[in-house]
Amino acid sequence: MSELPYGIGEGPATRVSLSIPEGTAEAIRQRLGKREFSAFITGAVERELRGQILDEYLADYERRNGPVSEPEQERARKIFDEVFAEEGGWPAAS
């Protein structure tokens with residue numbers, strides 16, 4: 001994979017064509033209004049990408065080091081919760 005010039009959520013906006021089911025599009029419009037449609041889709045795509053990257057990292061880590069223990073998982077949850085609370089980002093893990 002080549003190095004991207006911008007990270008996820010960075011760089012100027014670019015117009016893309018997107019096809020989604022009409023029911024999904026209408027649900028977004030009703031919930032948020034027409035002006036927030038792009039921001040909603042952008043946020044959803046960014047969360048999905050970050051989730052996939054995290055999943056890939058965790059799978060690689062477990063291949064190299066074995067399964068993550070319950071105490072290590074709890075420690076990671078606390079770290080994520082603290083970091084995201086400071087940044088006003090992702091909600092706390094459950």
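Below, each value reflects all heavy atoms present in this structure, side chains not excepted, and no hydrogens, waters or symmetry copies. All residue numbers in this chain count up from 1 along the given sequence.
- The salt bridge (Lys or Arg N to Asp or Glu O under 4.0 Å) check on Glu22 picks up Arg29, with sequence neighbours excluded.
- In this structure, Glu36 CD and Ile41 CD1 are separated by 12.0 Å, a value rounded to the nearest 0.5 Å.
- Applying the salt bridge (Lys or Arg N to Asp or Glu O under 4.0 Å) rule to Arg75 yields no partners; only residues at least two apart in sequence or on another chain are considered.
- Between Ile28 atom CD1 and Gln30 atom CD the span is 11.0 Å, to the nearest 0.5 Å.
- Under the rule for a salt bridge (Lys or Arg N to Asp or Glu O under 4.0 Å), the partners of Arg64 that lie at least two apart in sequence or sit in another chain are Asp60.
- Both Phe40 and Leu49 belong to a common hydrophobic cluster when Ile, Leu, Val, Met, Phe, Trp and Tyr are linked at side-chain heavy-atom distances under 4.5 angstrom.
- Under the rule for a side chain to side chain donor-acceptor pair (under 3.5 Å), Glu62 has no partner lying at least two apart in sequence or in another chain.
- If you chain together hydrophobic residues whose side chains sit under 4.5 Å apart, Leu58 and Ile79 fall into the same group.
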Return all side-chain donor-acceptor pairs below 3.5 angstrom for residues 6-21, not counting sequence neighbours, or 'none' if the list is empty.
residue: Glu10; atom: OE1; partner: Gly7; partner atom: N; Å: 2.7

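- With sequence neighbours excluded, no residue forms a salt bridge (Lys or Arg N to Asp or Glu O under 4.0 Å) with Glu48.
- Under the side-chain contact (heavy atoms from CB on, under 4.5 Å) criterion, Glu70 pairs with Gln73, Arg77, not counting sequence neighbours.
- In the hydrophobic clustering of ILVMFWY residues, with side-chain heavy atoms under 4.5 Å counting as a link, Val68 and Leu54 come out together.
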